[in-house]
S.K.: 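Okay, handing you the structure first.
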Amino acid sequence: DDLLVRKSIKTSVLYCDWRNFSARSDSIEFLEKELIPSSAQIIDICEENGAVSKQIGDAILSFYPKTDPEEALLMSLKSGIEALSSEVRRKGTFENPDRFFVVTFGKAIVGNMASSNHRELTIIGSPANKSARLDELSKAIEIRNLIIESRALLIDSAAFQMASTFSSELEFSHIDLKKLGSLRIRSFEEELDVYLFPVKKKNILLINKLLAVNHFKQISDAVGEMDA
């Protein structure tokens, strides 16, 4: 019940949706054999890491109502690594992914946003809104190709700045939107910097060290073995 009390916190969001969903959304076979198993696996991963997950059509928004903002971001990155790796195992490749994974960070309001008769834990604020906008941005061919080449999570500048304090050895790639013509984050046009967090062995090992220090379950070796 404490989680249902509305409060303003700094937290992290992990977001993904299905590419080209509309073209296949009327197929029961697609829903039963692809979308639902994929979504169930991703939600299980996120909730095991302490997230509250919301399925909105083909999209999944998971947020981490932790009192410690660093822990929220750490678990969001862990979930993103594990979810991306799960999708690679499901498809056998990351060359034409069905989903990209976006991580954002910032101040939001979490708690019960429904009536007293209908209690629902949810999130309102910049990290939630921006996650969907970044996912839109990932559909641009320039961003899409960079994500695929790096096998990476797409993260916003706030997540990058906080994650950079975890370890100076974590590797990120900077994307300067000014150099990509008119590409902008819708509703956040003033933000011109986004980052890639490659799911590679070095980053996984460093995240695991942080998880071990904080006595959290680590990412499995099988995920690290998928490093291209």
Side-chain angles (χ1 to χ4, degrees), residues 1-18 21 25 31 35-87 98-136 138 153-163 166 185-188 197 207 210-211 214-219:
D1 283 350
D2 287 347
L3 288 175
L4 293 170
V5 177
R6 285 186 291 275
K7 52 188 173 291
S8 177
I9 63 171
K10 284 189 174 181
T11 190
S12 183
V13 167
L14 175 67
Y15 182 95
C16 64
D17 77 355
W18 194 281
F21 171 73
S25 60
L31 295 174
L35 179 68
I36 292 173
S38 167
S39 297
Q41 180 66 27
I42 292 166
I43 289 171
D44 284 349
I45 287 169
C46 294
E47 293 188 348
E48 183 176 329
N49 290 323
V52 174
S53 294
K54 302 291 180 182
Q55 192 163 357
I56 311 157
D58 62 308
I60 301 168
L61 185 152
S62 298
F63 65 96
Y64 297 76
K66 307 287 187 180
T67 55
D68 182 343
E70 293 185 359
E71 180 183 331
L73 179 57
L74 179 61
M75 300 312 284
S76 188
L77 292 171
K78 177 178 186 277
S79 298
I81 291 169
E82 293 174 335
L84 185 150
S85 300
S86 172
E87 283 292 284
D98 293 319
R99 300 180 186 271
F100 291 141
F101 293 89
V102 170
V103 174
T104 57
F105 179 80
K107 194 172 182 180
I109 298 172
V110 300
N112 180 33
M113 305 299 171
S115 69
S116 58
N117 295 325
H118 176 67
R119 302 194 300 173
E120 182 179 4
L121 179 58
T122 191
I123 180 170
I124 292 176
S126 175
N129 297 337
K130 196 189 302 179
S131 66
R133 302 297 182 243
L134 275 177
D135 187 74
E136 288 178 4
S138 74
L153 312 179
L154 181 63
I155 72 173
D156 74 340
S157 58
F160 164 73
Q161 289 165 14
M162 175 61 83
F166 294 169
I185 306 170
R186 186 161 65 90
S187 303
F188 297 89
F197 183 65
I207 290 292
L210 294 166
L211 292 166
N214 290 281
H215 308 290
F216 296 130
K217 183 179 178 181
Q218 297 180 47
I219 299 165

S.K.: For L74 and Y64: C-alpha separation, side-chain torsions, deciding distance, then whether side-chain contact (heavy atoms from CB on, under 4.5 Å) applies.
M.R.: CA-CA 10 Å; L74 179 61; Y64 297 76; over 6 Å; no
S.K.: Taking the side chain as C-beta and beyond, is there a heavy-atom pair between L154 and F100 under 4.5 Å?
M.R.: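 The answer is no; the side chains never approach within 4.5 Å.
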S.K.: Considering all heavy atoms of both residues, which atom of V13 and which atom of A128 are nearest to each other, and what is their separation?
M.R.: CG2-N, 4.0 Å
S.K.: Does some side-chain heavy atom of S25 sit less than 4.5 Å from a side-chain heavy atom of D58?
M.R.: no
S.K.: I'd like to check the salt bridge (charged side-chain N to carboxylate O under 4.0 Å, His left out) partners of K78; sequence neighbours left out, ordered by chain and number.
M.R.: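 Listed in chain order: E82.
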S.K.: From N129 CG over to I185 CD1, what is the distance, rounded to the nearest 0.5 angstrom?
M.R.: 12.5 Å
S.K.: Hey, are the side chains of F105 and I155 touching, using non-hydrogen atoms and a 4.5 Å cut-off?
M.R.: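 They are not in side-chain contact.
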S.K.: Do S131 and L61 have side chains that get closer than 4.5 Å, going by heavy atoms?
M.R.: yes
S.K.: Check I45 against S86 and note the closest heavy-atom contact, atom names and distance.
M.R.: CD1-CB, 3.9 Å
S.K.: Tell me, do S62 and M75 make a side-chain contact under 4.5 Å, heavy atoms counted?
M.R.: no
S.K.: Hey, what do you get for CZ (F101) to CG (L134), rounding to the nearest 0.5 Å?
M.R.: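 Here the rounded value is 15.0 Å.
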S.K.: How long is the gap from CG on L84 to CD1 on I42, to the nearest 0.5 Å?
M.R.: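 Between L84 CG and I42 CD1, I get 9.0 Å after rounding to 0.5 Å.
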S.K.: Got a second to check how far S138's OG is from L153's CG, nearest 0.5 Å?
M.R.: 12.0 Å
S.K.: Restricting to pairs with a member in residues 68-77, which pass salt bridge (charged side-chain N to carboxylate O under 4.0 Å, His left out), not counting sequence neighbours?
M.R.: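 For residues 68-77: K66-E71.
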S.K.: Under the salt bridge (charged side-chain N to carboxylate O under 4.0 Å, His left out) test, which residues partner D135, sequence neighbours left out?
M.R.: R19
S.K.: Can you tell me how far the OG atom of S79 sits from the CG atom of N49, to the nearest 0.5 Å?
M.R.: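 One gets 3.5 Å once the value is rounded to the nearest 0.5 Å.
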S.K.: Would you check if there is a donor-acceptor pair between the side chains of S39 and R99 at a distance under 3.5 Å?
M.R.: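 There is such a pair between these side chains.
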S.K.: Hey, could you give me each pair passing salt bridge (charged side-chain N to carboxylate O under 4.0 Å, His left out) that has a residue in residues 41-52? Not counting sequence neighbours.
M.R.: E48-K217
S.K.: Donor-acceptor pair, distance only, cut-off 3.5 Å: does the side chain of K54 make one with the backbone of F63?
M.R.: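 Here the side-chain-to-backbone pair does not exist.
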S.K.: Take V103 and L73 through the test side-chain contact (heavy atoms from CB on, under 4.5 Å) and record every step on the way to the result.
M.R.: CA-CA 8 Å; V103 174; L73 179 57; 3.8 Å; yes
S.K.: Tell me, do E87 and S38 make a side-chain contact under 4.5 Å, heavy atoms counted?
M.R.: yes
S.K.: Just jot down the side-chain contact (heavy atoms from CB on, under 4.5 Å) partners of Q161, sequence neighbours excluded, or say none.
M.R.: S157
S.K.: Could you tell me the separation between the CG atom of L77 and the CE atom of M162, rounded to the nearest 0.5 Å?
M.R.: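 Here the interatomic distance stands at 11.0 Å.
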S.K.: Side-chain contact, heavy-atom cut-off 4.5 Å: I207 with F197?
M.R.: yes
S.K.: Might you point out which heavy atoms bring P127 and K107 nearest each other, and give the distance in Å?
M.R.: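 Looking at all heavy atoms of both residues, the shortest contact is CD-O, 3.3 Å.
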S.K.: Quick one: do R133 and T104 satisfy side chain to side chain donor-acceptor pair (under 3.5 Å)? Show the steps, please.
M.R.: CA-CA 11 Å; R133 302 297 182 243; T104 57; over 6 Å; no
S.K.: If you look at every heavy atom in P65 and G50, which pair is closest and at what distance?
M.R.: CD-O, 3.8 Å
S.K.: Would you mind listing every side chain to side chain donor-acceptor pair (under 3.5 Å) that reaches into residues 4-15, with sequence neighbours excluded?
M.R.: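 Residue pairs passing side chain to side chain donor-acceptor pair (under 3.5 Å), neighbours aside: S12-S76.
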S.K.: Do F188 and D156 come within less than 4.5 Å of each other through their side chains, counting heavy atoms only?
M.R.: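 Heavy-atom side-chain distance check fails, nothing below 4.5 Å.
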